[in-house]
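Predicted, not measured: the structure shown is a model, and the values here were computed from it. In what follows, every chain begins at residue 1, and chains take the letters A, B, ... in the order their sequences are listed.
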Protein chains: 2
Amino acid sequence: MIRNTRQRTAVNAVFDELEGFHSAQEVHARMRAAGDSIGLSTVYRAVQALVDDGELDSIRTDAGEAIYRRCSARHHHHLVCRACGRTEEVEGPAVERWADRVAGEHGFVDVTHTLEIFGTCAACHSAGAPSADQPG
Amino acid sequence: MIRNTRQRTAVNAVFDELEGFHSAQEVHARMRAAGDSIGLSTVYRAVQALVDDGELDSIRTDAGEAIYRRCSARHHHHLVCRACGRTEEVEGPAVERWADRVAGEHGFVDVTHTLEIFGTCAACHSAGAPSADQPG
DNA sequence: GAGCATGTGAGAACTGTTGTCGACTGCGAG
DNA sequence: CTCGCAGTCGACAACAGTTCTCACATGCTC
C-alpha cells in the first residue's frame, strides 16, 4: 500500500513552486534550508515514486545527474539553456510522427523517444559568455 | 602533441570490432580479458579523446552510464532496441531544421540537440516479450 | 487504541568517473 | 642510434550521485 506521508507530500509540493528541472539533491537542500526535516534517501524515493506516478518527468544531464520537473501531461520536449538552466517546453508533432515512422520502417514497435535541445538563451548570450562552438 | 600509443590504438581497435554502444568499463574488461594490459583511467582518457576527435559518439544510458560507439561522421540519431540493445543509425534532416528553428524562435543560439528513439525491434517483439506501454 | 506493514533517515556502501603522481615511452633532434 | 622531454600510463585515491541497510517511527485498518 502507498502511504500518504508528510515527506512525500512535501516533495510533491516543492515541485509546485519550482519551474524548470531540479535534481533530487537540490530539492533536498532546498527543503532543509526551508526548515523541512527530510532525509536524502527519502527525497530520492519520493521523487522516483512521483516519476512512476507520472507526476514528474525526469531527464539526465550530460554530467549524469538525474533532474526532475513537474510536467504537463501531454508529450513535449525541452529547450534548455546550458548557461542558466532555464527551460522551455516545446512541441513538435512533426518530430513525433517522424520518430514513429522511422521506427516503424525499421520494424520497431512500442516506440518512445527522448529529445532535448540545448543552447544558450538570449539573455545569457548577450551577457557575453562566448561559448565554444559545438560540432555536429 | 598527441601521441600514438599502444593503448590508444588498442581502444580504437576495440570499437572496430564492436557494434552498438559499449561502456568504458566494458571496453576495459574486454581488453583485460583479451590479455591486453591497460588501466581503466587510460580507457576513459582514450575514449574521451576519441569522442573529441569525433571518432566516437557517446550517449548516456538511463542508469547514467556513458556508452560509446564508433559513428559515421555525419550527424544522425539512434534507434535503440530496448530488449536486445541493437542500434540503428537514422537521419532526419527535418528534425535538425525543426530543432534549430524552434530554438531560434526562443532566442537560443549555439544550439545542439540529442534525440534517441527507443523501441522493441521486430525480432524481440516476435520473440514474444510483451512490454508495458510507455506513456509519453 | 492496537497491530503491523510501510515509510523514514543517517550513514554506509556502491557505481561510474575523474584526479593524482611517479614511472614510462613515443617521437623528433642531433 | 642515443638523448631529452613532454605527453602518457596506470594503480589508487578521491568524488559525486544514487541506492541499500536497518532500527525506529508512523499512517492505516480494524
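- A:His77 places a side-chain N or O within donor-acceptor distance of the main-chain N or O of A:Leu115, the cut-off being under 3.5 Å.
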Please encode protein proximity along nucleotides 3-12 of chain D as a string of B, S and -, counting only heavy-atom distances under 4.0 Å. ---BBSBBBB

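- For A:Ser41, the side-chain hydrogen bond (donor to acceptor under 3.5 Å, both in side chains) criterion is met by no residue, not counting sequence neighbours.
- Using a 3.5 Å distance cut-off with no hydrogens or angles, the side chains of A:Thr42 and A:Gln7 do not pair a donor with an acceptor.
- Contact between the side-chain N/O atoms of B:Tyr44 and the OP1/OP2 oxygens of C:dT18 is not found at any separation under 4.0 Å.
- Five base pairs at each end of the helix from C:dG1-D:dC30 to C:dG30-D:dC1 define two local axes, and these are offset by 40° (rounded to 10°).
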Decide yes or no on side-chain contact (heavy atoms from CB on, under 4.5 Å) for A:Asn12 and A:Arg70, but give the supporting numbers first. CA-CA 9 Å; A:Asn12 202 337; A:Arg70 162 136 304 141; 2.4 Å; yes

Checking B:Phe15 against B:Glu55 for the side-chain contact (heavy atoms from CB on, under 4.5 Å) test, could you report, in this order, the C-alpha distance in whole Å, the side-chain angles of both residues, the deciding distance, and whether it holds? CA-CA 10 Å; B:Phe15 281 97; B:Glu55 300 250 2; over 6 Å; no

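- Between B:Gln25 atom CD and C:dG16 atom P the separation is 5 Å, expressed in whole Å.
- Here the straight-line distance linking atom CD1 of B:Ile117 with atom NE2 of A:His106 works out to 8.5 Å at 0.5 Å rounding.
- Hydrophobic clustering of Ile, Leu, Val, Met, Phe, Trp and Tyr side chains at less than 4.5 Å, counting indirect connections, keeps B:Leu40 apart from B:Val11.
- At the heavy-atom level, A:Ala66 lies under 4.0 Å from the strands shown only through sugar-phosphate atoms.
- Rounded to an integer number of Å, the gap from CD of A:Glu65 to C1' of D:dC15 is 13 Å.
- For the pair B:Arg60 CZ and C:dG16 C1', the interatomic distance rounds to 8 Å; values are reported in whole Å.
- Distances shown here put a side-chain N or O of B:Gln48 below 4.0 Å from the OP1 or OP2 atom of C:dT18.
- Considering only heavy atoms from C-beta on, B:Arg45 stays 4.5 Å or farther from B:Arg8 through its side chain.
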